[in-house]
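Keep in mind the model is a prediction, meaning the values are calculated, not measured.
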Amino acid sequence: MTLWTAVLLASIICVALKAVGYLLPARWLDAPRPARIADLLTVALLAALVMVQTLGAGPAIVVDARLPAVAVAALLLWARAPFLVVVAGAAVTAALLRMWGLAA
């Protein structure tokens with residue numbers, strides 16, 4: 001299967017799932033359980049995306065300056081720092097680690 005075939009297949013599946021969502025009765029989606037699942041699924045997918053982008057380099061797992069930068073960002077988010085401070089703190093952490101040669 002080529003890359004373009006996979007992209008087209010994934011696009012068709014996404015459109016089909018969206019169409020199915022419009023066909024479902026509203027009372028099914030308004031129930032507490034589906035709403036809770038949708039909320040948790042969103043958080044889980046975002047967490048997975050962050051980890052893949054932080055540790056992934058092709059098929060390999062790589063620990064470099066991105067991991068401490070994400071840790072600093074998480075700490076700043078936990079401390080309820082403004083978003084720009086979180087981004088700047090993570091960027092400065094990665095830049096300093098790379099400048100000092102402690103991380104690739």
Side-chain angles (χ1 to χ4, degrees):
M1 179 185 307
T2 66
L3 179 63
W4 284 110
T5 306
V7 169
L8 289 173
L9 184 63
S11 300
I12 291 168
I13 291 171
C14 286
V15 170
L17 282 173
K18 187 167 185 154
V20 168
Y22 285 118
L23 297 174
L24 291 176
R27 61 183 165 83
W28 287 8
L29 300 174
D30 291 338
R33 177 175 265 168
R36 179 81 173 139
I37 290 171
D39 288 343
L40 293 176
L41 188 61
T42 304
V43 172
L45 287 172
L46 181 59
L49 177 64
V50 168
M51 283 295 96
V52 166
Q53 292 297 316
T54 300
L55 297 174
I61 294 176
V62 176
V63 177
D64 57 8
R66 295 176 292 181
L67 189 59
V70 169
V72 167
L75 183 66
L76 289 171
L77 284 171
W78 177 75
R80 301 202 185 270
F83 183 70
L84 289 176
V85 173
V86 172
V87 172
V92 167
T93 300
L96 288 174
L97 287 172
R98 288 180 175 140
M99 183 179 75
W100 294 332
L102 298 174

*With V86, which residues qualify under side-chain contact (heavy atoms from CB on, under 4.5 Å), at least two apart?*
A73, L76, L77, A81
*CZ-CZ distance between R66 and R98, expressed to the nearest 0.5 angstrom*: 7.0 Å
*What is the minimum heavy-atom distance between L97 and A65, and which atoms define it?*
CB-CB, 4.3 Å
_Nearest heavy atoms of T5 and T2, plus distance in Å_ = OG1-OG1, 2.8 Å
_All side-chain contact (heavy atoms from CB on, under 4.5 Å) counterparts of L45, not counting sequence neighbours_ = L41
*Would you find more than 12 non-hydrogen atoms of other residues, nucleotides or ligands less than 6.0 Å from I61 atom CD1?*
no
_So, applying side-chain contact (heavy atoms from CB on, under 4.5 Å) with L55, which one of L67, V62, V70 is it?_
L67
*Can you tell me how far the CG atom of L8 sits from the CD1 atom of I13, to the nearest 0.5 Å?*
11.0 Å
*Going from CG on D30 to CZ on R27, what distance comes out if it is rounded to the nearest 0.5 angstrom?*
10.5 Å
*asked:* Quick check for you: to the nearest 0.5 Å, what is the distance between I12 atom CD1 and L17 atom CG?
replied: 12.0 Å
*Pairwise side-chain contact, L46 with T42, heavy-atom cut-off 4.5 Å (strictly under)*: no
*Excluding sequence neighbours, so at least two apart, what forms side-chain contact (heavy atoms from CB on, under 4.5 Å) with L96?*
V92, M99, W100
